Structure formats: structure tokens, C-alpha cells
Amino acid sequence: MKKRLATVSLAGCFGCHMSFLDIDERILDLMKLVQFDRSPLNDFKKFKKRCDIGLIEGGCCNEENVHTLREFRKNCDVLVAIGQCAIMGGLPVMRNAIMHAEDPLRECLDTAYLNSPTVFNASNDIPNDPALPLLLDKVYTCAEVVKVDYQIPGCPPSGDTFWLAMTFLLKGTAADLPYELIKYD
Amino acid sequence: MGKDTVSVVRQACKKFDHEGSRILDILREVQKRLACVSGETMDLLAAELSTHRIEIEGLVSFYSFFSENRKGKIIIRLCDDIIDRFAGIERVAKVFSEELGIGIGETSSDWNFSLEFTPCIGMSDQAPAALINETVVTKLTPESAGVIARSLKKNLDTSALVKKKGDGNNADRLVNAMVENNIRKKGEVLLGDNVRAEAGLRKALKKKPEEVIQEVLDSGLRGRGGAGFSTGLKWSLARKAKDARRFVICNADEGEPGTFKDRVLLTERADLIFEGMTIAAYAIGGTSGIVYLRAEYEYLLPYLERVLARRRKAGLLGKNIGGEKGFAFDIRIQLGGGAYICGEESALISSCEGLRGEPKTRPPFPVERGFLGHPTIVNNVETFCCAARILDGGPRWFAAMGTAKSSGTKLLSVSGDCAKPGIYEVPFGIRVADVLDMAGADDPTIVQVGGASGEMLNRGSFYRKICFEDLSTGGSFMTFNSSRNMLKIVDYFLEFFIHESCGYCTPCRVGNVFLRERIQKIMEGYAVKADLDYLKDLSRTIMMTSRCGLGNTSPRPVLSSIDQFPVVYASLLGEGGEGLEAGFSIQKALEESRRIAKRSSMIYDPVYGGSSD
């Protein structure tokens with residue numbers, strides 16, 4: 001039986017998903033072994049069935065990210081954090097550096113929407129539509145919110161890394177990635 | 001740039017002969033007169049001492065008694081030790097803060113007052129205490145703090161704060177301190193009345209240096225700072241090293257939280273210390289000696305200088321000491337800069353050389369290449385005193401006290417929740433329970449032996465003995481009753497190590513911060529069992545990969561408290577459930593956002609009937 005695979009991008013840039021597609025024609029081989037469930041690649045917004053593997057790109061910067069991540073945890077047997085943002089917070093986590101300010105979140109929003117030299121914001125509004133998910137007090141990594149089984153480093157991990165990691169995951173063993181694939185200098 | 005600055009810098013440099021290794025003294029002088037070592041001053045000093053500004057800046061930022069920003073004429077340093085915290089230093093701080101109109105870490109606008117917290121100042125037996133410039137004030141209460149603050153506002157002379165002088169030499173004109181010795185139990189070796197002046201030195205000079213070392217070896221004397229290295233062996237190694245100059249350094253940088261026995265020895269047994277150093281110099285062929293005195297004990301400096309002067313006059317220092325032809329030795333006192341790490345011997349040597357107090361890589365050991373590259377022995381204050389007494393009483397007399405591998409007596413600095421905190425001179429091998437009895441601790445629940453880097457004990461471990469074979473300690477013995485929060489103590493120790501880490505080794509600089517974060521997570525009730533495994537794992541890494549004793553021991557409060565108080569930890573651990581991390585609280589994470597956005601969550605607030613989790 002084919003394994004069920006779900007993927008999602010939280011506070012990330014979709015770079016990891018793009019890199020996933022860098023496995024190129026090997027995706028045909030992959031499709032022989034897996035069935036995609038919830039994923040931006042097929043635009044399924046909800047889980048159809050319980051999945052064997054969930055790949056998470058990006059960390060949590062707002063409540064929706066937390067909600068989605070928890071859904072993934074609930075519905076996937078094995079949860080894999082993919083890339084720098086999911087593992088360490090990545091670029092979004094830079095806002096945690098102002099955590100020691102008096103009012104960190106306010107300062108973050110002011111800097112982003114009002115005070116930066118490149119901002120043109122004649123109405124001085126900070127987006128606050130009720131449909132917008134609330135921001136968290138700081139950016140959390142996936143492992144801070146739910147139990148994470150595996151982490152695949154990289155920004156993004158290369159197509160080859162994805163391919164090898166998927167091979168191991170489908171075999172059900174921890175990936176032993178060669179040094180060339182996980183060195184970044 | 002003021003003419004003043006230029007002349008102050010020139011005078012200070014001249015006073016110490018532009019000697020690079022005396023830069024700590026130069027900086028102290030400048031700091032005292034200008035209330036800061038500003039960027040401009042650093043430039044001047046660098047030019048004057050033919051060095052680089054970055055070197056000076058490195059020192060100023062390293063030692064907490066120097067500051068780049070201008071401080072007040074009066075600096076009030078409140079002792080923020082755990083003992084002082086439990087004794088109510090927070091309330092005292094509040095009064096100072098209100099009376100002087102400045103917060104902690106601030107300086108008043110008239111440049112008269114600065115208020116800060118400082119780690120243990122060696123007054124845990126009379127907590128809460130504070131340093132006001134160099135004057136020590138003890139047993140503070142909110143009321144007495146108010147009186148002190150108001151009197152300082154009228155009169156900036158800190159010596160006027162000493163209303164009632166302490167006992168013994170604390171009442172000496174040159175010490176003039178309200179500090180009490182609190183000697184509760186005199187032993188045979190150090191604090192008894194049988195200590196005969198210069199008897200050890202006289203007997204030593206009649207022997208050959210090798211014989212002196214042999215006596216110390218036979219006595220089984222081990223270093224009193226806590227590590228317990230054989231003193232005789234250290235001396236013989238230094239003697240064997242080939243060099244024309246050898247140094248004898250006395251470690252009086254008593255910084256381990258809860259230790260104050262050197263304070264009492266420096267006050268009451270100054271001659272014995274210098275006598276021991278002179279004997280050591282005779283034994284190893286030492287040419288000069290340094291007493292590295294912690295900055296917090298500056299109030300003892302004039303007194304100690306007078307003792308040294310008297311000894312020079314009496315022919316006990318200088319040339320042909322005690323009539324011994326060709327034996328020349330003198331001692332100077334080096335004041336520290338307020339850094340715990342300088343109690344570590346190689347860091348102490350760095351500091352004496354005028355460098356940042358960072359430990360050196362060993363080997364070579366100080367006995368081969370120490371101060372300025374010459375063979376050097378560094379011994380604790382108490383060790384020198386013991387050595388002098390051994391030469392008088394003989395090695396057999398000394399070895400008859402204590403246990404097989406820890407001979408002699410030990411000074412314990414007992415503090416915390418007990419009726420009689422103070423100094424106890426006890427033979428090695430005494431049980432923790434017996435010390436508690438003597439000190440009148442009626443509800444001892446947690447005992448910390450050996451200071452921040454020592455071991456935490458529960459009631460079931462009070463049978464354990466104080467000696468190098470079991471519980472080794474530099475003298476710190478803190479007792480806490482059942483009303484104290486064990487994790488607060490652990491948290492304080494970690495805070496202390498984070499502050500005092502020199503920063504050279506990453507596992508120590510960063511690891512201790514992570515340890516503390518995890519301990520706080522436990523205190524807040526967000527931790528799961530995996531966090532304990534993480535603590536143990538990280539502790540192991542820090543201990544294995546740090547190069548000096550600070551990092552090698554800093555996780556010990558964590559490890560020993562997990563070992564001794566498993567139930568306390570267990571009661572605070574939660575369960576995540578369904579793969580969720582207990583440490584993450586979505587409600588807490590959203591608090592700020594709700595406030596700023598002035599709306600509630602679509603997902604997590606029940607009003608909107610969203611998700612259930």
C-alpha cells in the first residue's frame with residue numbers, strides 16, 4: 001500500500017517546497033510509492049485520511065501556524081521539520097531579538113509598518129483585519145510547539161537531500177545523510 | 001578633554017612606573033578619581049602605557065569594579081547572594097532606591113550615588129550586607145537602610161556610617177569596620193589561642209628548604225581552596241623548576257558564594273598568612289610574593305599594608321630575613337577587580353599580570369611557568385596559615401587531626417537559616433549533621449556544601465562527611481530551612497555562573513544560560529520529563545568541554561539537586577499529551593497580540609466557537 005504524505009508551509013517562504021520539486025523526474029518514482037494527502041502541491045486544504053509522514057516547512061509566527069502544526073501532529077505518524085525556519089526559526093525568528101524591548105510585538109509592528117526608512121504608509125495603519133490570524137508573542141520553532149520526530153537541515157535542503165531523506169523515511173529508518181548534503185559553508 | 005583627566009592618568013601611570021602588569025592598580029586609581037574609565041581616558045592610558053586601547057577596554061569591560069560610564073561618588077553595591085536574598089536584600093534595595101531616587105544600575109543626576117547589585121561580598125554570616133564604596137555595612141533592614149541613605153545624602157563620608165565597630169581587629173583604626181568575626185568554634189590549628197608568633201618561620205629557617213617541603217609533605221596538607229592538591233607536592237615541583245625567579249602567590253580572592261573564612265583570617269591572622277608565605281618562599285626559593293586580595297575586601301588593605309610594613313621593619317621581610325643570609329623576599333598586595341573567576345589559579349595569575357582574568361591553558365602548570373613565565377605557587381590563605389602552623393607544631397601533630405587523606409582542621413563558613421552563623425574550625429571528617437547541630441539549625445532541609453559549584457544535600461545525606469574523600473569544600477556551608485524554594489537556589493547559582501563565566505569556552509558561556517532557561521521552565525510548570533534528560537545531557541557537555549574549574553563544576557547544582565530532590569522536580573513536570581509540547585502555551589503566546597490588536601482569537605477564543613484546543 002502506498003504511504004500517505006502531507007506537507008505544509010508555515011512561517012516559511014515555500015523555498016523548501018520548491019526545492020522538494022528539484023528532485024525533478026524522480027517525482028515519478030516517488031509517486032509510485034506515496035499518495036499525497038493535504039499539501040500545497042495538490043492544494044488539498046484538509047486531511048482526507050491519517051498520514052504516515054508529515055513534512056513541515058517554516059516555524060510558528062501566528063496562531064494559524066500553531067493550529068495547523070497541531071493538526072499535522074494529530075494526523076501524521078511521523079512529523080519531519082524541514083529546513084532552517086522549521087528547525088531554528090530561520091529569518092522570521094530575527095524578530096525575537098527585540099524580545100527584551102519593553103513592548104516587543106508593538107515594536108516589531110511599528111518597525112515593519114511605520115518606522116522603516118523604506119515604508120510608505122500614508123494612513124499610518126497597521127493591518128488588523130479580523131480575518132488575519134493573531135501574531136504570537138515571538139516566533140517558535142516546530143519542536144517548541146509539538147513533538148518533532150526528524151529534522152532535515154538546510155536553507156533549503158537540496159533536491160538530493162530531499163530525495164535521500166524520503167528514501168530513508170519510506171524505509172522507516174532514520175536518515176544517515178552524507179556530509180556533502182548537510183554542510184553549509 | 002579636561003586637563004584633569006590628563007593629569008590624573010599621568011599621575012596614576014607614574015605612581016606604578018608605567019608597569020604594564022600593574023595596570024589593574026592604575027585603572028583602580030583612575031576609576032576612583034574620575035568615577036569612570038571613559039573612552040577618552042582609555043586612549044590616554046593606551047598611549048601612556050604603550051599599548052592598544054582595545055587592551056584597556058577589554059579590562060574595563062571584564063572587571064566589574066571598573067566602568068566606562070560615569071558612576072556616582074558613592075557606589076552602593078548590595079550583596080545579591082542567595083543568602084542575602086532570603087535575608088531580605090530586595091526590601092533593602094527598595095528603600096535605597098526610593099530614598100536616593102534611582103533604580104538598580106542607575107546613577108543619580110547629581111553624580112553622587114550609584115546603586116547596583118553585586119555577587120557575594122563575603123558577609124553571608126551577617127546578611128543582608130552591602131558595600132558602600134569600600135565600607136561594609138551589615139545586617140541591613142529596611143529601617144537601617146533608610147538611615148544610611150539619609151545620612152549619606154547629608155554627608156558623603158562613608159566612614160561615618162560605622163557607628164559600632166566589630167570585634168577583634170575589625171575595631172582597629174585602619175580597619176574601622178562594623179564587620180563581626182563571628183568565630184563560633186576555635187580549633188587547634190588556626191584560630192586557637194596557642195598560635196605562637198613567628199615560631200614556624202624560626203623553625204623553618206633552621207632547616208634546609210628540602211626539609212621544610214618534606215615536613216609539609218609529611219603533614220598531608222592539601223589545598224584549602226577546595227580542589228585539595230597536595231601543598232608539599234606543589235612546592236617541591238616549583239622548587240625543581242629551573243629559573244632564577246620564583247613567585248609565591250596567596251589567593252585571597254574569596255569569591256565562592258557563602259565563603260568568608262579568609263576574611264576572618266585576613267583580619268585576625270594576617271601575620272600568620274605572611275609567615276606562611278615567607279616559609280613557602282624559603283622552601284621553593286621564592287623571590288617575591290603577591291597577595292591577591294579581592295576588591296570587596298579593600299577595607300582590609302590599609303591594615304594589611306601596616307602589618308607588612310611592620311614585618312619589614314622587624315626583619316621578617318626584605319633582605320636576610322630572620323638573620324638568614326641571602327634569603328630575600330617581599331610581599332605586595334594586588335587588589336582584584338571584582339571577578340569570581342580570578343579565584344581560579346591561572347586566571348588569578350592572568351589578573352596579576354594585568355590581563356583579563358581568563359584562565360590559561362595547562363600544561364604548562366603555574367609551578368613550571370606561572371606569573372610572568374616564572375615558576376609560581378598559588379595557595380589559599382588558609383593553606384599558608386596551616387603551613388606555618390605545621391612548621392611549628394610538626395607534621396605528626398597536624399596529621400593526627402582529620403581523616404586519613406584529609407589531615408588537619410578546616411574552617412567552615414556557615415551561613416543561612418541557623419541560629420549561629422559564622423566560622424567553625426573543625427577537624428576534617430566531621431558529619432554535616434554535627435555542623436548543623438553546632439550552628440543551631442533547627443529545621444535544616446537543604447544544605448549546600450562547597451558554594452555554588454558544590455553539592456546540594458537533602459536530609460538523608462546529612463550523615464556525609466566533610467573531607468576530600470567525601471564532600472570537599474573551600475569552606476562554604478549554606479543551610480536552608482523548609483520554607484526555602486530549592487529551585488530558586490539552583491536558579492540563583494546558575495545566574496551567578498552566567499554572570500561570572502569569563503566567556504572563553506562556548507559550552508560554559510552559552511550552556512549555563514540554557515541550563516537556567518530550562519530550570520525556569522520547570523519552575524513555571526511547563527517542563528516535561530524530557531527536559532530533565534536535556535539538563536543532564538547538557539550538564540555533561542559543559543563539564544567535559546570547559547577548560548577551567550568554573551565550567552567543570554557550574555552544572556553541579558543542577559545535577560546534585562536532581563539527584564537529591566527528585567520529588568520536587570517530579571511534582572513540577574507536566575505532560576504534553578498527543579505529541580504536544582507542555583512548554584508551549586498558546587494562550588500565553590497570544591496575550592500580547594490580543595492586547596495590541598484589540599480583538600480575540602478566531603481559533604483559540606471560545607467566543608468565536610473555534611477549535612477546541
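What you see is a predicted model, and the numbers here were worked out from it, not measured in a lab.
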Counting only heavy atoms not in [X] (residues, nucleotides, ligands), do more than 12 fall under 6.0 Å from its [atom1]?
X	atom1	result
R50(A)	CZ	yes
F36(A)	CZ	yes
M88(A)	CE	no
M31(A)	CE	yes
Y113(A)	OH	no
Y504(B)	OH	no
D176(A)	CG	no
L532(B)	CG	yes

If you take all heavy atoms of [X] and [Y], which pair is closest and at what distance?
X	Y	answer
S600(B)	L134(A)	C-CD1, 4.0 Å
F584(B)	R70(A)	CD2-NH2, 3.7 Å
R106(A)	E592(B)	N-OE2, 4.4 Å

- prompt: Would you call R595(B) and D103(A) a salt bridge, using N to O less than 4.0 angstrom?
  reply: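 Salt bridge: yes.
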4.5 Å side-chain heavy-atom contact, [X] and [Y]:
X	Y	value
M602(B)	L132(A)	no
V145(A)	L580(B)	no
L135(A)	L590(B)	no

Contact winner vs chain B - N62(A), L109(A), V146(A), heavy-atom pairs under 4.5 Å: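 Most pairs with chain B among the choices: V146(A).
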field: Whether Y604(B) side chain and H67(A) backbone form a donor-acceptor pair below 3.5 Å
entry: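 A pair under 3.5 Å: yes.
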Identify which part of [X] has an atom lying under 4.5 Å from any heavy atom of chain B, answering side chain, backbone, both or neither.
X	result
R73(A)	side chain
D149(A)	neither
E144(A)	backbone

Evaluation steps, side-chain contact (heavy atoms from CB on, under 4.5 Å), between S593(B) and L105(A): CA-CA 7 Å; S593(B) 211; L105(A) 193 55; 3.8 Å; yes
- request: Check the pair L136(A) / I586(B) against side-chain contact (heavy atoms from CB on, under 4.5 Å), numbers first and verdict last.
  value: CA-CA 8 Å; L136(A) 303 180; I586(B) 182 69; 3.8 Å; yes
- request: Please report the C-alpha distance between E591(B) and D137(A) in whole Å, then the side-chain angles of each, then the deciding distance to 0.1 Å, and finally whether the side-chain contact (heavy atoms from CB on, under 4.5 Å) criterion is met.
  value: CA-CA 7 Å; E591(B) 255 169 44; D137(A) 57 343; over 6 Å; no
